[in-house]
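All remarks here apply to the structure that follows.
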Number of protein chains: 2
Amino acid sequence: MLSSRDEIAETIRKSGHRVTPQRIIVYEALWRAGSHPSVSDIHEYASKIDPSISLATVYKILQLFTEIGLVREMGFRDGSARYDPDVNFHINLICNECGKIEDYDCISFEEIAPNLNQRAGFQVQSHNFEVRGICSQCRDIR
Amino acid sequence: MLSSRDEIAETIRKSGHRVTPQRIIVYEALWRAGSHPSVSDIHEYASKIDPSISLATVYKILQLFTEIGLVREMGFRDGSARYDPDVNFHINLICNECGKIEDYDCISFEEIAPNLNQRAGFQVQSHNFEVRGICSQCRDIR
DNA sequence: CTGCTTGCAAAACTTTTGCAGACGG
DNA sequence: CCGTCTGCAAAAGTTTTGCAAGCAG
């Protein structure tokens, strides 16, 4: 995570966009509104800090953050999008029973698909690696 | 792909569900309505075979197929869900420019995350590995 | 026959859009 | 100050639901 507000502001500014209070709040909400939060989660958390922040604004900011690589859009299909502020390569373990999402570290992407750029001519910008199943807690309950 | 209608019917029956013409049509549409089709794509294709098939029915059937492992729900977030009838482990290369989705084979999942079940107590049911970027064609145009 | 499935239409959500006013640099 | 950004409200989609009628087994 980017440690301070200054660092976040710097990243936004460098990408050619303006630093606004709403953007700072949304970035904080991304990390604090629970793990892999939905847009609603983020908006709910952000509203605690600034009740006037609008849902549409949250959508727009998340779109911007995705473009500049500050967050990763998860293809979590429960009707709504989920966001992962950890943009480093990792596996998301999603429990089909309780819905919990856990991060799991594995070997590097380069080891998984060596020279993807040369072989397929594909220039990688982001990853989304989801594995669904039953987590240990839900398995034990059964 | 399951080669014949009989095989598909058998799989559905074995899962404890009824075999209906709509289910057979949707399964065929999954493979023929283009690569990684959306629900609309599938419904459109299915309608050519049976114009009376309803969109709600297609949704319900896709939900069932996902549960019994006959198809994989992709977390492709362009507003609508996408489905991949190839449930074998592979990478989906998604072009951020033109939207094209390509399949890419890589090392096995067991090599990527060895003994996931023992290590994390996670019982894997399905995979969804998406890599976004720019495809060779779009890169050449630039 | 029984009760799972379908089709229809409405409802519930999520996400996008257009615009006037606010404000960051 | 200029041009980007926000908030609002409406619009556009997508997905779900309830129910009566239809069919698979």
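Values reported hereafter were calculated over all heavy atoms of this structure, with side chains retained and with hydrogens, waters and symmetry mates removed. Here is how names work: the chains are called A, B, and so on, in the same order as the sequence lines, proteins then strands, and each is numbered from 1. This is a predicted model, so every value here is computed, not measured.
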(message) Taking only side-chain N and O atoms of A:S80, does any of them lie within less than 4.0 angstrom of OP1 or OP2 on C:dC13?
(response) no

(message) Reading DNA chain D from 5' onward, which residue's closest nucleotide shows up sooner: A:L64 or B:S40?
(response) A:L64

(message) Can you identify which nucleotide, out of D:dT6, D:dT17, C:dC23, has its nearest atom closest to the B:A56 side chain?
(response) D:dT17

(request) Grab the CG-C1' distance between B:D50 and D:dC23 for me, whole Å please. (result) 14 Å

(request) Let me see the working for A:E28 and A:R5 under salt bridge (charged side-chain N to carboxylate O under 4.0 Å, His left out), right down to the final yes or no. (result) CA-CA 9 Å; A:E28 292 203 3; A:R5 297 192 178 193; 2.8 Å; yes

(message) Assess, by modelled atom type and distance only, whether the side chains of A:N92 and A:R72 contain a donor and an acceptor separated by less than 3.5 Å.
(response) yes

(request) Establish, with yes or no, whether the OP1 or OP2 oxygen of D:dG7 is under 4.0 angstrom from a side-chain nitrogen or oxygen of A:Q22. (result) yes

(message) On DNA chain D, does the nearest nucleotide to A:G16 precede the nearest nucleotide to B:R13 from the 5' side, or the other way round? Give the residue.
(response) A:G16

(message) Rounded to whole Å, how long is the line connecting atom CD1 of B:I53 with atom P of D:dG22?
(response) 18 Å

(message) Between P on C:dT14 and CD on A:E44, what's the gap in Å once rounded to a whole number?
(response) 11 Å

(request) Check whether any side-chain N or O of A:S54 sits under 4.0 Å from OP1 or OP2 of D:dT6, and answer yes or no. (result) no

(request) Give one of base, sugar-phosphate or nothing for B:S52, where a contact means two heavy atoms less than 4.0 Å apart. (result) sugar-phosphate

(request) Would you please confirm or rule out a distance under 4.0 Å between OP1 or OP2 of D:dT16 and any side-chain N or O of B:Y59? (result) no

(request) Indicate whether OP1 or OP2 belonging to C:dG7 is found under 4.0 Å from a side-chain N or O atom of B:T57. (result) yes

(request) Please lay out, stage by stage, how B:D84 and B:H36 fare under the test side chain to side chain donor-acceptor pair (under 3.5 Å). (result) CA-CA 5 Å; B:D84 192 339; B:H36 309 83; 3.3 Å; yes

(request) Round to the nearest Å and state the distance from B:Y83 atom OH to D:dT14 atom C1'. (result) 11 Å

(message) Expressed as a whole number of angstroms, how long is the span from A:I24:CD1 to C:dC23:C1'?
(response) 15 Å

(request) Using distance alone, with no hydrogens and no angle criterion, decide if B:S47 and B:E44 have a side-chain donor and acceptor under 3.5 Å apart. (result) no

(request) State whether the side chain of B:R23 and the backbone N or O of B:R18 hold a donor-acceptor pair below 3.5 Å, judged by distance alone. (result) yes

(message) In whole Å, I'd like the distance from the NE2 atom of B:H17 to the P atom of D:dC23.
(response) 20 Å

(request) Write down the distance between NZ (B:K60) and C1' (D:dC19), rounded to a whole number of angstrom. (result) 10 Å

(request) Could you check A:V39 against B:R23 and say which one's nearest nucleotide on DNA chain C is further toward the 5' end? (result) B:R23

(request) Whole angstrom is fine here: how far is it from CG in A:L62 over to C1' in D:dT6? (result) 15 Å

